[in-house]
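To start, the structure under review is shown below, and the notes come after it.
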There are 2 protein chains.
Amino acid sequence: MESTDKRIAVIQATIELVAEYGFHGSPMSQVAKRAGVAAGTIYHYFESKDALIESSYAHLEEELIASIKQGYCEEGPVQERFMHIGRALVDNFIAFPMKFCFIEQFHNSPYGVASRREKMLGKKNDLISSVFEDARQQGLIKELPLLVIFALAFGPLLIIIRDHIFGLVQLDSFLIEETVRACWDALKS
Amino acid sequence: MESTDKRIAVIQATIELVAEYGFHGSPMSQVAKRAGVAAGTIYHYFESKDALIESSYAHLEEELIASIKQGYCEEGPVQERFMHIGRALVDNFIAFPMKFCFIEQFHNSPYGVASRREKMLGKKNDLISSVFEDARQQGLIKELPLLVIFALAFGPLLIIIRDHIFGLVQLDSFLIEETVRACWDALKS
DNA sequence: GTCTTTTGATTGAATGATCATTCGGTATTT
DNA sequence: AAATACCGAATGATCATTCAATCAAAAGAC
């Protein structure tokens, strides 16, 4: 993970362009132009367009986890930890819609498939999983597979974020709070 | 909406290819080959690739609504109607994963934006909205904007369908039932 | 400190592939 | 014979990627 100025600039340009125009609407020539870099330079940092997209996604994922960790209390009550994660997710994506658009496109494209499978095999003790493991042990939530719990917890949030970004709803902090709480209702045993 | 054999064949080929390779990985030449048709023929039925993709989506949406209507009782209790819709959605997408992959890619691409906005303006009395309107009037569900209700109701289902299709969970009818019920828990006031 | 040398970074025009679309013509239907 | 459906090679654009040439900076030599 080297991080020259130009490397980051290229990733940033990729995220912006892909978010707006999709993978196929984002030629390397445009990425180069927006990053203020020559086309050839991209290939100094990334093997191919696919590799660039993969790296851009990894970059976003790191940023997202970092932003969730801000103000997160590992020792607090389970429901409060859940609410924090939910709020952080929505707030962050609403503040940076491009990140959301890129990530969602990635997840629903052939790129994302392999990536998601890898993550499932081996990720045990990350921040989020452990909230649900604790909740399960305390008998607070339903006895369902972890992935189903994930779906109930975050599925609705992704949708309202998308609706907000596309201007179909206007989220405010009250509505966000109520929605995250409703997600918790879905989990409660 | 004419429906020649070839027109349908082209749409079918488009859905299959896009589901597997994405929009940018589905050249018209391949669509033609898979549909058993000459490249030029596609342009007899569709103005452009964009128009073809738009029509393919519309086709899928009609099919989906038709399949939900099967066995649907307009007069039954609200919760039962909701459970029926949820089950139908999951069953249908699991039976035809290509449909799901196409639709999700569409929704998260620049194509889908306009389409979604149009639908929001003017759709009042469709099958699904009226379930939630009835539920609201009976005081059964939370007082939240319709789009948030949609998100809570169907967001989790979309995620577990994706996980199932990618082989990350194995859904059976028990798990589907429990998940749809949990979605209802999120809605309950 | 100044002058080479070497290494890595950067450039952007050139290359070759691939793609959406067109069109002149052939088959099929009316 | 008129109209419509269909074909597939040809066209022109666009794109990812390469590479020979320039530039920058660090390392060594004296």
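Here is how names work: the chains are called A, B, and so on, in the same order as the sequence lines, proteins then strands, and each is numbered from 1.
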Checklist outcome for this item: The side-chain hydrogen bond (donor to acceptor under 3.5 Å, both in side chains) partner of A:Asn108 among B:Arg162, B:Gln105, B:His107 is B:Arg162

Next on the checklist: Looking at B:His44, I'd like to know whether one of its side-chain N or O atoms comes within less than 4.0 Å of OP1 or OP2 on D:dA5.
Outcome noted: yes

Checklist entry - Going by an N to O cut-off under 4.0 Å, is there a salt bridge joining A:Arg87 and A:Glu80? => result yes

Checklist entry - Is the distance from OP1 or OP2 of D:dA5 to the nearest side-chain N or O of B:Thr41 less than 4.0 Å? => result no

Item to check | Nearest-angstrom distance from the residue atom CG of B:Asp5 to C1' of D:dA5 | outcome: 13 Å

Next on the checklist: Rounded to whole Å, how long is the line connecting atom CG of B:Leu52 with atom P of C:dC19?
Outcome noted: 15 Å

Checklist entry - Which residues within residues 11-36 of chain B lie with some heavy atom under 4.0 Å of an atom in DNA chain C? => result B:Ser26, B:Pro27, B:Met28

Checklist entry - B:Lys49 has an atom NZ; how far is it from atom P of C:dT22, in whole Å? => result 15 Å

Checklist entry - Can you name the nearest heavy-atom pair linking B:Phe23 to B:Lys49, along with the distance? => result O-NZ, 3.1 Å

Item to check | Nearest listed nucleotide, side chain of A:Tyr45, among C:dA9, D:dT17, D:dA5 | outcome: C:dA9

Checklist entry - Given atom NZ of A:Lys6 and atom P of C:dT11, what is their separation to the nearest angstrom? => result 4 Å

Checklist outcome for this item: Closest of C:dT11, D:dA16, D:dC7 to the B:Val37 side chain is D:dC7

Item to check | Nearest listed nucleotide, side chain of A:Ala39, among D:dC7, D:dA5, C:dA13 | outcome: C:dA13

Checklist entry - Salt bridge between B:Glu178 and A:Lys142, side-chain N to carboxylate O under 4.0 Å? => result no

Item to check | Listed nucleotide nearest any side-chain atom of B:Tyr43, set D:dT17, C:dT10, C:dT21 | outcome: C:dT21

Item to check | Atom CD of B:Gln138: over 12 foreign heavy atoms under 6.0 Å | outcome: yes

Item to check | Electrostatic pair B:Glu16:B:Lys33 at N-O distance under 4.0 angstrom | outcome: no

